[in-house]
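Remember, predicted model here, so these are calculated numbers, not experimental data. Here is how names work: the chains are called A, B, and so on, in the same order as the sequence lines, proteins then strands, and each is numbered from 1. Computed over heavy atoms, backbone and side chain alike; hydrogens, waters and symmetry mates excluded.
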Amino acid sequence: MVRREKLARLQAEGRDPFSRLTWNQTHHSAEIKRDFEALENKGVSIAGRVMSFRDIGKAAFIDLQDRDGRIQVYLNAEGLGEEAYAEVKTWDVGDIIGVEGYVFRTRRGEMSVHAKGMTLLAKALEPLPEKFHGLKDPEIRYRRRYLDMVMNPQVMDTFKKRTRIIRAIREYLDTRGYIEVETPILSTIASGAAARPFVTKSNALNLQLYLRIATELYLKRCIVGGMERVYDMGKNFRNEGIDIRHNPEFTMIELYQAYADYKDMMELCENMIAFAAEQVCGSAKVIYQGTEIDFTPPWRRLTMTDAVKQYGGIDFSGVKTDEEARAIAKAKGFEHELKKKLKDCTKGDILNAAFEAFAEKELIQPTFIMDYPTDISPLTKQKPGDPTMTERFEAFVYAREISNAYSELNDPIVQLDRFTQQAKERELGDDEAYMLDEDFVSSLEVGMPPTGGMGIGVDRIIMFLTDAYSIRDVILFPTMKPNN
RNA sequence: GGGCCGUUAGCUCAGCUGGUAGAGCAGCAGACUCUUAAUCUGCGGGUCGGAGGUUCGAUCCCUCCACGGCUCACCA
């Protein structure tokens with residue numbers, strides 16, 4: 001008899017498993033194994049999914065999987081009664097069942113539950129993937145994550161860790177006086193970052209809206225309003241390419257602290273991530289894809305100019321004009337790294353391109369790259385004494401950017417100039433240039449204290465702490481095309 | 001968007017220079033009171049991702065399409 005027939009028979013007999021409402025689950029598998037000495041011969045009531053069924057005639061063994069793992073169930077006619085034992089034998093791998101019984105150890109030493117009563121709580125009409133090789137096809141794993149979770153314990157472990165990492169970050173900030181807020185996801189202006197937004201529409205307002213690409217400009221309004229320390233951790237949406245490091249929707253935390261600067265943000269960044277690593281991995285040192293990454297503070301600090309000097313052998317410290325910089329780009333042959341035509345590039349564009357071409361890939365251990373060109377940092381305060389550079393850093397791990405932070409620009413007049421410059425970039429064809437947010441500029445006119453701010457790609461942190469190769473392995477339901 | 005690779009039974013995979021498909025597990029029927037990838041006996045299971053083309057004949061060769069993976073480009 002196949003599964004649907006078995007279900008129909010049960011329903012015809014008035015024993016529809018789908019009509020079951022609750023089950024008194026007194027213990028989980030891991031608990032029984034952990035507290036075995038205390039629980040031996042005691043009654044327990046467990047529930048879960050049948051992962052294998054080894055029928056040896058007058059007795060049988062079931063591997064029952066719950067949230068925490070698996071526990072073996074031993075059943076025979078003596079324990080259940082002839083009728084119930086025969087009934088249980090009609091159940092299938094994949095079914096959800098409840099088991100009441102007592103804890104014992106089999107002759108082979110396996111900690112098990114000896115069944116005294118068993119109930120079918122839900123019927124599985126679709127068979128599970130193969131028990132030994134499991135589910136490997138990445139397409140099925142991502143599309144039907146529930147199967148991936150059932151079949152691959154590592155997946156459940158990763159997503160439990162994800163939750164703990166996020167909780168560790170919140171704990172770190174909450175205990176330091178940060179207020180968590182929720183800023184809008186729908187907005188008429190998608191600003192605060194350089195990225196193409198998703199576009200949607202409000203029927204009620206008859207208005208084109210964007211999904212947020214950053215929370216920055218709203219969080220700074222909260223600083224203007226007097227919150228002093230504030231953060232938003234949630235989804236951002238960027239209409240860009242998809243690869244092992246990018247999912248169109250991803251989790252980012254942005255935080256802002258009044259009366260602080262980017263150096264304070266550096267300390268916060270390294271301490272917070274080390275804290276999360278210790279909480280979840282038990283150490284600030286983790287292995288990522290076979291390489292040890294040491295998050296122990298303090299992380300290495302290096303200016304962008306020094307990084308380019310060290311890894312590219314190019315010294316920009318004496319370069320004064322855009323013309324000189326263009327000549328260097330040509331001579332060193334990294335013009336192809338530039339996003340704009342060479343003649344439109346400033347010294348800042350060229351320094352940044354040199355950094356990306358020569359230095360970025362070398363930054364394996366956590367490193368802060370400090371002092372970014374003003375041209376590519378429109379929301380950032382300039383360095384005292386050098387208006388071409390800003391008080392900004394990005395943190396790199398394993399050649400990937402994990403955070404971006406700065407001493408926030410709080411001069412409304414300069415801010416408006418920077419937005420105006422961005423508008424020109426947009427006219428030159430850069431559809432990722434920052435959009436002007438006039439209300440944000442107005443908020444700065446009300447007065448924003450000197451402030452340090454930082455954004456961290458939460459999924460990427462989770463990747464490092466769970467040794468995940470792809471961002472899809474830390475996002476439960478990654479963005480996929482429909483397949484029909 | 002470009003390049004490379006993949007798509008065969010529910011799952012994991014074979015399938016040689018072109019002759020209309022196999023294994024293991026899962027499933028079904030049976031045996032077995034300590035198994036744990038249980039074992040043993042027997043049985044069924046496929047529009048070979050889709051559409052065209054070449055050919056006497058296509059899972060195999062060619063073209064296009066779909067989806068996925070990797071990679072490059074793009075990307076705070």
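- The OH-C1' distance, from A:Tyr142 to B:rC70, rounds to 11 Å in whole Å.
- Side-chain atoms of A:Asp232 and A:Thr183 include a donor-acceptor pair closer than 3.5 Å.
- In this structure, A:Arg105 forms a cation-pi arrangement with A:Phe36, its terminal cationic atom sitting closer than 6.0 Å to the ring centre and no more than 45° off the ring axis.
- Counting any heavy atom pair closer than 4.0 Å across all strands shown, A:Arg460 reaches no nucleic acid atom.
- Side-chain atoms of A:Arg70 and A:Ser29 form no donor-acceptor pair, as typed in the model, at a separation below 3.5 Å.
- A donor atom on one side chain and an acceptor atom on the other are found under 3.5 Å apart for A:Glu254 and A:Thr215.
- A straight line from CD1 of A:Ile244 to C1' of B:rA73 spans 15 Å, rounded to a whole angstrom.
- Taking the C1' atoms as reference points, B:rU71 lies 33 Å from B:rG18, given to the whole Å.
- Rounded to whole Å, the separation between the C1' atoms of B:rG45 and B:rU36 comes to 28 Å.
- Comparing atom distances between the A:Val2 side chain and each of B:rG27, B:rG69, B:rC34 picks out B:rG27 as nearest.
- Among the nucleotides B:rC34, B:rG69, B:rC74, the one closest to the side chain of A:Ile56 is B:rC34.
- At a cut-off of 3.5 Å, with distance as the only test, no side-chain donor of A:Ser407 or A:Asp261 sits close to an acceptor on the other residue.
- Taking atom CD1 of A:Ile242 as the reference point, atom P of B:rC72 lies 16 Å away to the nearest angstrom.
- Of the candidates B:rU33, B:rC74, B:rU36, the closest approach to any side-chain atom of A:Glu78 belongs to B:rU33.
- For the pair A:Arg301 and A:Phe368, the cation-pi test (distance below 6.0 Å, angle within 45°) is failed.
- Side-chain proximity of A:Met480 to the nucleotides B:rC75, B:rG69, B:rU36 is greatest for B:rG69.
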Completion exercise
Secondary structure of RNA chain B per the Watson-Crick/G-U criterion (both distances under 3.5 Å; [ ] crossing, | other strand, . unpaired) is (((((((..((((.....[..)))).(((((.......))))).....(((((..]....))))))))))))....

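- OP1 or OP2 of B:rC28 lies within a sub-4.0 Å distance of a side-chain N or O belonging to A:Lys6.
- Set against B:rC70, B:rC34, B:rU33, the side chain of A:Ala59 has B:rU33 as its closest nucleotide.
- Here A:Arg472 lies in heavy-atom contact (under 4.0 Å) with sugar-phosphate atoms only.
- Using a 4.0 Å heavy-atom cutoff across all strands shown, A:Tyr469 reaches sugar-phosphate atoms only and no base atom.
- Looking at every heavy atom in both residues, A:Ser403 comes nearest to A:Cys269 through OG-SG, 3.7 Å.
- Under 3.5 Å, the side chains of A:Gln257 and A:Tyr178 contain a donor-acceptor pair of N or O atoms.
- Contact annotation for A:Ile376: no contact, since no heavy-atom pair falls under 4.0 Å across all strands.
- Look at A:Arg54 and you won't find any side-chain N or O under 4.0 angstrom from OP1 or OP2 of B:rU39.
- Side-chain contact annotation: A:Tyr262 with A:Asp371, donor-acceptor N/O pair under 3.5 Å present.
- Place A:Ser112 and A:Arg238 on RNA chain B by their nearest nucleotides, and A:Ser112 ends up nearer the 5' end.
- We find that CG of A:Leu75 is positioned 16 Å from P of B:rU36, with the value rounded to whole Å.
- For the pair A:Asn236 CG and B:rC75 P, the computed distance is 18 Å after rounding to whole Å.
- The side chain of A:Glu432 has B:rC75 as its nearest neighbour among B:rC75, B:rU36, B:rU33.
- The phosphate of B:rC28 (OP1 or OP2) has no side-chain N or O of A:Arg4 nearer than 4.0 angstrom.
- Of the N and O atoms on the side chains of A:Asp473 and A:Tyr142, at least one donor lies less than 3.5 Å from an acceptor on the other residue.
- Taking atom CG of residue A:Asp95 and atom C1' of nucleotide B:rA26, one finds them 14 Å apart after rounding to whole Å.
- Each of A:Asp63 and A:Glu139 was matched to the nucleotide of RNA chain B holding its nearest heavy atom; the match closer to the 5' end belongs to A:Asp63.
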Distances under 3.5 Å between protein N/O atoms and the N/O atoms of nucleotides 10-12 of chain B, please, pair by pair.
{"residue": "B:rC11", "atom": "O2'", "partner": "A:Glu130", "partner atom": "N", "Å": "3.3"}
{"residue": "B:rC11", "atom": "O2'", "partner": "A:Gly134", "partner atom": "O", "Å": "2.8"}
{"residue": "B:rU12", "atom": "OP1", "partner": "A:Lys136", "partner atom": "N", "Å": "3.1"}
{"residue": "B:rU12", "atom": "OP1", "partner": "A:Asp137", "partner atom": "N", "Å": "2.9"}

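- Rounded to whole Å, the distance from CG on A:Leu64 to P on B:rU36 is 19 Å.
- Judged by the 6.0 Å distance and 45° axis criteria, A:Arg400 is not positioned over the aromatic ring of A:Tyr398.
- The base of B:rU36 lies outside donor-acceptor range of the side chain of A:Tyr74, with no N or O pair under 3.5 Å.
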